[in-house]
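First comes the structure, then the notes that go with it.
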Number of protein chains: 2
Amino acid sequence: MASDQTRTSILAAAERLYADRGFGDVTLRDIVAEANVNLAAVNYHFGSKDELIAELFVTRSIATNRERLHELKTAEEQGGGRAPIDVILRALVGPTLRGCLGPQNQRSTAARFMIRASIESVPPIRRIKNREIDHLRKFIGAMRRSLPDRSDVEIYWGLNFALAMAHHTIRESERLTKLSEGKCDLDDVEDVVARVVSVATMALTAGKIEAKTPARALARDAR
Amino acid sequence: MASDQTRTSILAAAERLYADRGFGDVTLRDIVAEANVNLAAVNYHFGSKDELIAELFVTRSIATNRERLHELKTAEEQGGGRAPIDVILRALVGPTLRGCLGPQNQRSTAARFMIRASIESVPPIRRIKNREIDHLRKFIGAMRRSLPDRSDVEIYWGLNFALAMAHHTIRESERLTKLSEGKCDLDDVEDVVARVVSVATMALTAGKIEAKTPARALARDAR
DNA sequence: TTGCATTTCAAACAGTTGTATGAAACTATC
DNA sequence: GATAGTTTCATACAACTGTTTGAAATGCAA
């Protein structure tokens, strides 16, 4: 049980490389080169490549979920058991968007790794991923409490669309920048968060008594 | 220039396998087995694996774009140069959703292949993909004509979110079904199309007459 | 048929991948 | 400082990848 230094630097190097280049074209040899350790170290410390990926994913998954749930719980406590829907949605998509967009130097390797995992879905991860469903159910619960007269189906679709907009915007941020010739500023993360939350809120409250916060972000460009 | 039969069955087999299992784990040997041809036939007829993928993608890309643009053009002609925004959005996301969701037996291999291509983004495809931008610009143009007092930025974001919801729903259709315990019926394709179009339309038309509260304010308030 | 080009085929090739091995280097305990 | 246990290392291995080869089969014009 000695220094753990090798183990740790393998994990860090692997996460960085996977976040940057995806699972598809990162080999064990790339990882050990980045970590400055011997090739055999991976199998010695983790058993196999798949187990390394799995450990990486499980660790990050737990951390991410805890972060999101903390934000959610805080909001619900402040609201006496019910949080406004836009605050719930912000807790859901905010951390990921903030970790993956914005200026290069303050992007989070962890968030980018998790997005890769959610996109590429390599076998070792797919097996674990089902737990994420239980996690999403907690958000479903909060959304139900926030919008008690919305049907379940509407809630599910709202959550689906919120995640859709967040993830897709991250994945295709380059293309959106190019398409809009820079007019869409993906570096203004809070603006992006506000847009996603606003649209998702509209999707969830449409045809109801007008909500209070939504649509404010959109007004920004309306001039 | 003989029968082309080998060539054709390679293309068909490759498209089917890629659509089903993704580019990541389909080898040339898988393809030639599925197509009942010799291994060397791929390199003989296409030069390389990458060129096979590229040909597949270019062909489908042209066909898909033509289909979408035809729907768009028809709508604009009927409206005297301006089509309603929801009709435009429907032309954008309808064909893909219809081809990828719904009952198994009537799903389109072509549509599923294109979704794979849009997800995995393997090198030979990434190189070609930039043309798609020009194609999207035509939709941007139609949207501008439909909503002349909307700013460009909002149009871009609206398009981005529409594609986001459509693609994400296709990719994660299984998970949404499981999460909602079957309450979200992904086989009712027209319902899905209507939902995506409806939310995207709201995103593009909401809050037209609004104040100019900067987006940052919303971010601060939400704590 | 003969001759020539196209197409198919089995086999081999060179490169890369994840993994295994066994010896060497280290670390800590006595 | 000798010993036992852990960790590192260079190297080898077996499996798989896309690609090439050269001979066999086929098609087709003369």
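Proteins get letters first, then strands, A, B, ... in listed order; numbering begins at 1 in each.
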Looking only at side-chain N and O atoms, does A:T27 come under 4.0 Å of OP1 or OP2 in C:dT16?
no
Select one nucleotide: of D:dT7, C:dT17, D:dT11, the one nearest the side-chain heavy atoms of A:L39.
D:dT11
What is the distance, rounded to the nearest whole Å, between atom CG of A:L52 and atom P of C:dT17?
16 Å
We want to know whether B:T169 and A:N160 form a side-chain donor-acceptor pair, criterion being a heavy-atom distance below 3.5 angstrom.
yes
How many whole angstroms separate atom CD1 of A:I10 from atom P of D:dC9?
10 Å
For a quick test of reading the model: is some side-chain N or O of B:T6 closer than 4.0 Å to OP1 or OP2 of C:dT7?
no
Which residue lies more 5' along DNA chain C, comparing A:L28 with B:A40 via nearest heavy atoms:
B:A40
Round to the nearest Å and state the distance from A:Q5 atom CD to D:dT8 atom C1'.
12 Å
Between B:F23 and B:F113, is the gap from one ring center to the other below 6.0 Å?
yes
Side-chain N or O of A:H45 versus OP1/OP2 of D:dT8: is the shortest distance under 4.0 Å?
yes
From CD (B:Q5) to CG (B:N36), nearest 0.5 Å:
10.5 Å
Which is more 5' along DNA chain C, the nucleotide nearest A:N38 or the one nearest A:D30? Just name the residue.
A:D30
Quick one: do the A:T74 and A:E71 side chains pair a donor with an acceptor below 3.5 Å?
no
Given C:dG18, C:dT8, D:dG18, which nucleotide is nearest the side-chain atoms of A:R29?
C:dG18
Using whole Å, what does the distance between atom P of nucleotide D:dG18 and atom CZ of B:F46 come to?
15 Å
Kindly point out which of C:dT6, C:dG18, D:dT19 is positioned nearest to the side chain of B:S48?
D:dT19
